[in-house]
Amino acid sequence: MKIVVLDGYAANPGDLPWLPLEELGELTVYERTAPEEVAERARGAEIVLTNKVVLDRRQIDALPCLRYVGVLATGYNVVDLQAATERGIVVTNIPAYSTQSVAQMTFAHILNITNRVEHYAMMNADGAWCRSRDFCYWDTPLRELAGMTLGIVGLGNIGKAVAKIAVDFGMEVFAMTSKGPADLPAGVKKTTLDGLLAVSDIISLHCPLTPQTKAIICASNIAKMKRGAIVINTGRGPLVDEQAVADALHSGQLAAYGADVLLSEPPAADNPLLHAPNAFITPHIAWATFEARRRLMDIAVANVAAFMQGRPTNVVNR
C-alpha cells in the first residue's frame, strides 16, 4: 500500500524513526508540500498523512486512490470532512498526545511573566549583577502564584492538567466549562465567562475554536477584567482579537500576554503583538517536545495499522 507524508518535517525533523511506518507500506516522506504540489505528490497513494497541508474538496477529488487521511495533530480542520466522507475516506487524528507538554508551556509563560528568569539571566550575562550596589536587584514586578486567581477557559485534557498544576502552586482556580460541578477536578470552581473575567489575575485559554469562542478575548471582555490581568493563550490564535490585546498591553489594562499561537502562522512582520510591550510570543512549540512528538509518531503508526486491519481508531468522520 502506498503511503505519502506531505509535511513530515515539523513532527519529525530527523530525531525520530520513520521505520515503523515504512514497515506498513511503500512510504514517501516530504518535508513540506505546497498546495499546488499535493495532487502530484499524493497521486496513487491510498494513505496520506498531513499535519498542516490542506486537503480540501478539490485536492480530495484529484486523488481517486485515496482511502485514508491521517492528520498528524489533534485539530483536523485541514481536511474537508464532508468531501472525505462522501468518498468513504477515513480521517483520523491524534488526540491527547501533547497534554503535559502544553500544560508545561502554559506555566512556562506564566512563570516567565511573574519571575522573568530569562530577562535576569540576559541582564546578568551583560554584567548587570556585577554592577549592582546590593546583593540583589530587580527591575520588574515579581509575583508569587500562591494566592493568585487563575481562570481557565475550557476544561478538557489540557485545561484539567493546567488546573492541577495551579492548585499545587496554591492558586485559586475557576473554570468556564460545560462540565457539571461534580465532574470538576479537586480545587476547581465553575463559573461563567463574566464571573471568570471579573475575578482572575491570570486567564488561560484551553477551549476549542468555535463560532462562540472566536475572539473571546476582545476589547469588551478585556474591559471586564481586573486592570493588570495576564492572559495566556496556548490554545488557538483566533481565540483572541490580537489588536485588542495589543491595545490593552499599551494602555496597561493587561499587564502581559503570553502566547504560543497566533492568528496567522507564521505571522506577518507587522503583527501588532510582535511589538507590543510585555507580549511574550513563542512559535507554536508547546506540542513539540521530543516526548510529545514520539507519542504522536507512535499513535500515527498505530492509526495506520488499525485502518489497514479494518478496525480504524481515532476516526473523526464516522
Are [X] and [Y] side-chain neighbours, meaning at least one heavy-atom pair lies under 4.5 Å?
{"X": "L66", "Y": "V48", "value": "yes"}
{"X": "T50", "Y": "V38", "value": "no"}
{"X": "N112", "Y": "H119", "value": "no"}
{"X": "V162", "Y": "L150", "value": "yes"}
{"X": "D298", "Y": "L296", "value": "no"}
{"X": "V53", "Y": "V78", "value": "no"}
{"X": "P185", "Y": "L155", "value": "yes"}
{"X": "R57", "Y": "Q82", "value": "yes"}

Fill in: R116/W138 under side chain to side chain contact (heavy atoms under 4.5 Å, CB included): CA gap, chis, key distance, verdict
CA-CA 10 Å; R116 299 296 300 276; W138 61 93; over 6 Å; no
Discussion item. Would you say the rings of Y30 and Y9 are close, in the sense that their centroids are separated by under 6.0 Å?
Written reply: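 No, the ring of Y9 stays outside the 6.0 Å limit from the ring of Y30, centre to centre.
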[X], [atom1] atom: more than 12 neighbouring heavy atoms under 6.0 Å:
{"X": "Y76", "atom1": "OH", "value": "no"}
{"X": "R67", "atom1": "CZ", "value": "no"}
{"X": "K214", "atom1": "NZ", "value": "no"}
{"X": "K164", "atom1": "NZ", "value": "no"}
{"X": "Q309", "atom1": "CD", "value": "yes"}
{"X": "E291", "atom1": "CD", "value": "yes"}
{"X": "R236", "atom1": "CZ", "value": "no"}
{"X": "E118", "atom1": "CD", "value": "no"}

Side chain of [X], backbone of [Y]: donor and acceptor closer than 3.5 Å?
{"X": "D201", "Y": "A229", "value": "no"}
{"X": "W129", "Y": "M123", "value": "no"}
{"X": "D7", "Y": "K52", "value": "yes"}
{"X": "T192", "Y": "G195", "value": "yes"}
{"X": "K2", "Y": "L27", "value": "no"}

Practice prompt. Determine which pairs satisfy ring-ring contact (aromatic ring centres under 6.0 Å, His included) with at least one residue from residues 181-223, sequence neighbours left out, and list them in order.
Written response: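 Found none.
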Which pairs would a plain distance check flag for residues 90-103, meaning a side-chain donor or acceptor within less than 3.5 Å of a matching protein atom at least two apart in sequence or in another chain?
residue, atom, partner, partner atom, Å
T92, OG1, Y68, OH, 2.6
N93, ND2, T74, O, 2.8
S101, OG, T289, OG1, 2.6

Specify the closest pair of heavy atoms between [X] and [Y], including all atoms of both residues, with the distance to one decimal.
{"X": "I152", "Y": "V173", "result": "CD1-CG1, 3.8 Å"}
{"X": "S132", "Y": "C136", "result": "OG-O, 3.6 Å"}
{"X": "A276", "Y": "L249", "result": "CB-CD1, 3.8 Å"}

Practice prompt. Give a yes-or-no answer on whether the side chains of T313 and N303 include a donor-acceptor pair shorter than 3.5 Å.
Written response: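 Present: a donor and an acceptor within the cut-off.
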Fill in: Flag for N124-Y137: side-chain donor and acceptor within less than 3.5 Å
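Yes, N124 and Y137 have a side-chain donor paired with an acceptor closer than 3.5 Å.
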Same cluster for [X] and [Y] if Ile/Leu/Val/Met/Phe/Trp/Tyr side chains link at under 4.5 Å?
{"X": "L254", "Y": "V153", "answer": "yes"}
{"X": "V5", "Y": "F307", "answer": "yes"}
{"X": "L262", "Y": "L239", "answer": "yes"}

Discussion item. Does L273 form a side chain to side chain contact (heavy atoms under 4.5 Å, CB included) with V245? I'd like the steps, not just the answer.
Written reply: CA-CA 8 Å; L273 290 173; V245 171; 3.7 Å; yes
Find the distance between [atom1] ([X]) and [atom2] ([Y]) and round it off to the nearest 0.5 Å.
{"X": "L145", "Y": "I165", "atom1": "CG", "atom2": "CD1", "answer": "11.0 Å"}
{"X": "C218", "Y": "K224", "atom1": "SG", "atom2": "NZ", "answer": "7.5 Å"}
{"X": "E172", "Y": "M148", "atom1": "CD", "atom2": "CE", "answer": "12.0 Å"}
{"X": "Y257", "Y": "N278", "atom1": "OH", "atom2": "CG", "answer": "14.0 Å"}
{"X": "L205", "Y": "T106", "atom1": "CG", "atom2": "OG1", "answer": "9.5 Å"}
{"X": "F280", "Y": "I230", "atom1": "CZ", "atom2": "CD1", "answer": "9.5 Å"}

Worksheet entry | Evaluation steps, side-chain hydrogen bond (donor to acceptor under 3.5 Å, both in side chains), between R41 and T33 | CA-CA 8 Å; R41 290 185 171 183; T33 295; 3.0 Å; yes
Item to complete: Give me the one residue out of T234, T282, T114, D260 that meets side-chain hydrogen bond (donor to acceptor under 3.5 Å, both in side chains) with H109.
Response: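 By the side-chain hydrogen bond (donor to acceptor under 3.5 Å, both in side chains) criterion, H109 pairs with just one of T234, T282, T114, D260: T282.
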Item to complete: Mind running side chain to side chain contact (heavy atoms under 4.5 Å, CB included) on F107 and I110 for me, showing each step along the way?
Response: CA-CA 5 Å; F107 269 88; I110 290 173; 4.0 Å; yes
